[in-house]
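Letters A, B, ... are given to chains in the order of the sequence lines, protein chains preceding strands, and every chain is numbered from 1. When reading the values below, keep in mind they use all heavy atoms of this one structure, side chains included, and skip hydrogens, waters and symmetry mates.
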Number of protein chains: 2
Amino acid sequence: MNRNSLIAEIKRKRTLLCVGLDTDINRIPSHLKASPDAVFEFNKQIIDATYDWCVAYKINTAFYESQGAKGWESLEKTVNYIPGTHFKIADAKRGDIGNTSDQYAKAFFETIPFDAVTVAPYMGSDSIKPFLNYPNKWAIVLGLTSNKGSEDFQQQHIGNHFLYEEVIRKTSQWGTPENLMFVVGATKAVELSSIRKIIPSHFLLIPGVGAQGGSLSEVCKYGLTEEGGLLINASRAVIYAGHDANFAKEAAKVAKQYQSEMQQYL
Amino acid sequence: MNRNSLIAEIKRKRTLLCVGLDTDINRIPSHLKASPDAVFEFNKQIIDATYDWCVAYKINTAFYESQGAKGWESLEKTVNYIPGTHFKIADAKRGDIGNTSDQYAKAFFETIPFDAVTVAPYMGSDSIKPFLNYPNKWAIVLGLTSNKGSEDFQQQHIGNHFLYEEVIRKTSQWGTPENLMFVVGATKAVELSSIRKIIPSHFLLIPGVGAQGGSLSEVCKYGLTEEGGLLINASRAVIYAGHDANFAKEAAKVAKQYQSEMQQYL
């Protein structure tokens, strides 16, 4: 999916919501457990219930890999089920030397038709550039993450700025706002304004806006652009909103709440 | 596999060699292509031919993921085929927030019986610690990689030392030499002595000792410890030594050459 199509979807539906399919086999409602592919069945019903309220789905590969080859089958079926109107993100945090990143790009852009893959920057340019060679495909590079461990390295100083700022500044020169996005943790809304000085127009993928809420208005205040410029993810808050036969309805209700709040800012 | 068993195998076989199974379906000899699982058939013959000359196998997950769910089946079969005497590394460069790294640890330590997984440090402590909770399993953290892109961030200064030194120093406090190793690019043999000052006894996984050779003696000079302390990887130089029906014999020949050179230093 190209940038213009993504922006058009955001404006049409008035939402920035990305639904995260971190589908844990142990948290699936019990009535689905007998299904031959319970993970896919769960995802299918979540997608059917939420696609009106979101523009993107993000698949956290770890939850599928933990099920081995069978998990990868559920993953492939899920991606193929997501409507073509929606932006499909492999949240995989990949990155390796050039010939290996080539293989990861092939895995997520050719073998499985994702639009984007999250990429870890530690190994530098040749680990990221292979993901930028596909038209209408995207690398989403880790900038500042929302977890406690972001203090360990990302928030250390390189010269007179933070490592995450150096990562965003340098990486943004390897691609364009048409093929690069950045992960910026929503718990760091204040830092968003300084990041917007470095990359005024790139899309940001914002994780960590959970059921706890509260930060959505700040994220929009400091991160929103004319074109939207944000994909705001909610995973557990949406997909585990309910725990029984009504789980998909409960997920839809929460997704709709997010959309309602987001349209105020758009 | 625990540290003592690994050291015992190194001393018994007098080798530090790790054979990297970066098996590219497009580089498999043509006579194997008709096999229902050509990747596994290739790996099986490589393992049969080389296990006397190495102590470890490293599976580069990207080359399997690029084949989708079928690739993961080849990967699982390969890991299960490797003898219990050998240390099994998932070269996967994973790392994410805690609940997601938990799932990656499950994928590589429970669902598939690897001994170790390579981990990217950018997201900090909670992205690495879940891999340290398994007895006799290991996290191998990226320190200094051998690629050109290592200059972009790893070799930037934080205070008066390099980022990769800070990563090694800080991360080494989260585990022990019994459950933590570090990736150190072989093309940086000079830096090995400064790294050994930070971590005198941890095992290092050294990639990038290729057919080009030459650096093995330097790596041993600066990196070797009483107990070995090095796993030296060769991938393409071994597995693609031959291109036809004799490929496994050619691989054995190259693996044996590495072992012969290594035993001089041990």
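- Taking CG of A:N60 as the reference point, atom CD1 of B:I97 lies at 7.5 Å (rounded to 0.5 Å).
- Heavy-atom distances place no part of A:E110 under 4.5 Å from chain B, backbone and side chain included.
- For chain A, the option among B:G71, B:G68, B:G159, B:P121 with the highest count of heavy-atom pairs below 4.5 Å is B:P121.
- If you measure heavy-atom distances from A:I158 to chain B, the contacts under 4.5 Å come from both the backbone and the side chain.
- Other residues, nucleotides and ligands contribute at most 12 non-hydrogen atoms within 6.0 Å of the CZ atom of A:R236.
- The minimum heavy-atom distance between A:G143 and B:Y122, with the atom names listed, is O-OH, 2.6 Å.
- Residues A:E65 and B:K106 are not in side-chain contact: their nearest non-hydrogen atoms beyond the backbone lie 4.5 Å or more apart.
- At a 4.5 Å heavy-atom cutoff, the contact between A:T61 and chain B is made by backbone and side-chain atoms alike.
- For the set B:K170, B:K148, B:R94, B:E76, the entry with the most heavy-atom pairs within less than 4.5 Å of chain A is B:R94.
- When all heavy atoms of B:Y104 and A:A92 are compared, the closest pair comes out as OH-O, 3.6 Å.
- Closest heavy-atom contact between B:F153 and A:V167: CE2-CA, 3.6 Å.
- For B:L142, the parts lying under 4.5 angstrom from a heavy atom of chain A are both the backbone and the side chain.
- Between A:E73 and B:W72 the shortest side-chain heavy-atom distance does not fall below 4.5 Å.
- Counting heavy atoms from C-beta outward, A:T100 and B:K93 have side chains that stay 4.5 Å or more apart.
- For the residue pair A:T111 and B:Q67, the shortest heavy atom distance occurs at CG2-C, 4.0 Å.
- Side-chain atoms of B:N147 and A:S127 include no donor-acceptor pair closer than 3.5 Å.
- Between chain A and the residues B:I128, B:N99, B:D102, B:T118, the largest count of heavy-atom pairs under 4.5 Å involves B:N99.
- Proximity to chain B is limited to the side chain of A:F108, based on heavy atoms less than 4.5 angstrom apart.
- You'll find the side chain of A:D24 reaches within 4.5 Å of the side chain of B:Q103, heavy atoms only.
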